[in-house]
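In what follows, a structure is listed as structure tokens, so that the remarks can point back to it.
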Amino acid sequence: MAGRTYRYMTEEALYPFGYGLTYSSVELSDLQVKSYEEAATATVTIQNTGNFDTDEVVQVYVKDLESEFAVPNAQLKGFKRVFLGKGSKQTITFDLRPQDFEVFDEQGHNFIDSNRFEISVGVSQPDARSIALAGVQPLQTELNLAGSQTTH
């Protein structure tokens, strides 16, 4: 198996494990986030812009922008696998529940501690390495749970 599988590779891999399993390219557009008291919906359109049918996993991340108890990175709050034929598009909606905006204090109590959140929807995590590997920038917008609506 030498020379045929990553298991025996001695040089650095050009692509890390799992990268490149999507055989087409996609674009995201029309991110809309609407809040309803302590809950929200995030809607995005994904289009297959490549030459092949593909399966893609659309992911939504939430990052608390105010709380002293917030974790430093965005947190995955939902994902959906979608099949996209060549040239097709789909609109995907995620329901974000109150617990998706909660933080935990030192005593382990969970609660919503702020109103401002960054919502990211994409095909990878909203970090530089994932974006570089996926080649698709997640769409991001700020959500204010105090009743505002945002569109990106």
Side-chain angles (χ1 to χ4, degrees), residues 6 9 12-105 108 110-152:
Y6 288 109
M9 256 178 89
E12 182 176 331
L14 182 58
Y15 301 105
F17 179 76
Y19 173 74
L21 295 178
T22 298
Y23 297 106
S24 199
S25 56
V26 297
E27 287 183 6
L28 299 160
S29 62
D30 304 322
L31 175 61
Q32 296 181 14
V33 178
K34 298 179 182 176
S35 65
Y36 305 97
E37 296 180 19
E38 294 180 342
T41 60
T43 303
V44 70
T45 299
I46 183 169
Q47 181 173 6
N48 181 349
T49 58
N51 295 321
F52 304 98
D53 294 349
T54 191
D55 279 314
E56 192 60 77
V57 179
V58 183
Q59 306 161 37
V60 62
Y61 291 82
V62 174
K63 179 173 176 51
D64 190 316
L65 298 175
E66 294 179 329
S67 176
E68 67 179 290
F69 303 109
V71 296
N73 297 315
Q75 299 178 68
L76 178 65
K77 297 299 180 177
F79 62 91
K80 293 184 180 179
R81 178 176 293 278
V82 296
F83 172 80
L84 295 166
K86 176 182 169 184
S88 70
K89 65 169 81 171
Q90 284 189 38
T91 300
I92 310 297
T93 299
F94 294 95
D95 293 319
L96 297 169
R97 305 155 302 166
Q99 56 264 41
D100 293 327
F101 301 101
E102 293 179 340
V103 293
F104 291 86
D105 63 15
N110 55 315
F111 57 99
I112 297 176
D113 192 36
S114 63
N115 285 318
R116 291 182 50 237
F117 298 87
E118 181 180 80
I119 308 297
S120 302
V121 181
V123 295
S124 70
Q125 291 179 209
D127 62 65
R129 178 69 175 151
S130 297
I131 293 167
L133 292 175
V136 179
Q137 178 79 33
L139 299 181
Q140 296 179 318
T141 192
E142 188 173 311
L143 170 67
N144 187 326
L145 282 182
S148 69
Q149 297 182 10
T150 59
T151 302
H152 178 79

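- The shortest side-chain heavy-atom distance between V58 and V121 falls under the 4.5 Å cut-off.
- A heavy-atom distance below 4.5 Å is found between the side chains of L96 and I119.
- The ring pair (Phe, Tyr, Trp, His ring centres under 6.0 Å) check on Y61 picks up nothing, with sequence neighbours excluded.
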Identify every side-chain donor-acceptor pair in residues 39-46 under 3.5 Å, counting partners at least two apart or on other chains, and give the distances.
unit_1: T43; atom_1: OG1; unit_2: T93; atom_2: OG1; d: 3.2
unit_1: T45; atom_1: OG1; unit_2: T91; atom_2: OG1; d: 3.3

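- Note that OG of S120 and CG of L139 are 9.0 Å apart. Values are rounded to the nearest 0.5 Å.
- In this structure, F111 and F104 have side chains that are not in contact, with every pair of non-hydrogen atoms separated by 4.5 Å or more.
- When side chains are defined from C-beta on, Q47 does not count as touching V26, because their heavy atoms never get closer than 4.5 Å.
- Of all the heavy atoms in A74 and P126, the pair that sits closest is CB-CG, 3.8 Å.
- The distance from the CG atom of D113 to the CD atom of E102 is 11.0 Å, given to the nearest 0.5 Å.
- Side-chain contact between L31 and V33: present, with at least one pair of heavy atoms (C-beta onward) separated by less than 4.5 Å.
- Exactly one residue among D53, T54, T49 makes a side chain to side chain contact (heavy atoms under 4.5 Å, CB included) with L84. That residue is T54.
- Counting heavy atoms from C-beta outward, E142 and E118 have side chains that stay 4.5 Å or more apart.
- The nearest pair of heavy atoms linking L143 to S35 is CD1-CB, 3.6 Å.
- Residue pairs satisfying the salt bridge (charged side-chain N to carboxylate O under 4.0 Å, His left out) criterion with at least one member in residues 73-98, sequence neighbours excluded, are listed as follows: R97-D100.
- Contact of the Q75 side chain with the K63 side chain is not registered, since no non-hydrogen atoms from C-beta on lie closer than 4.5 Å.
- Side-chain contact between V60 and F79: absent, with no pair of heavy atoms (C-beta onward) separated by less than 4.5 Å.
- No hydrogens or angles considered: a donor-acceptor pair under 3.5 Å links the side chains of S114 and D64.
- Across all their heavy atoms, N115 and E66 have their closest contact at N-OE1, 2.9 Å.
- Annotation: F52, atom CZ; neighbour count of heavy atoms from other residues, nucleotides and ligands within 6.0 Å does not exceed 12.
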Decide side-chain hydrogen bond (donor to acceptor under 3.5 Å, both in side chains) for S24 and N48; before the verdict, give the C-alpha distance in whole Å, the side-chain angles of both, and the deciding distance to 0.1 Å.
CA-CA 7 Å; S24 199; N48 181 349; 2.7 Å; yes

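- Taking CZ of F101 as the reference point, atom CZ of F117 lies at 6.0 Å (rounded to 0.5 Å).
- Taken from CD1 in I112 to OG in S67, the straight-line distance is 11.0 Å, to the nearest 0.5 Å.
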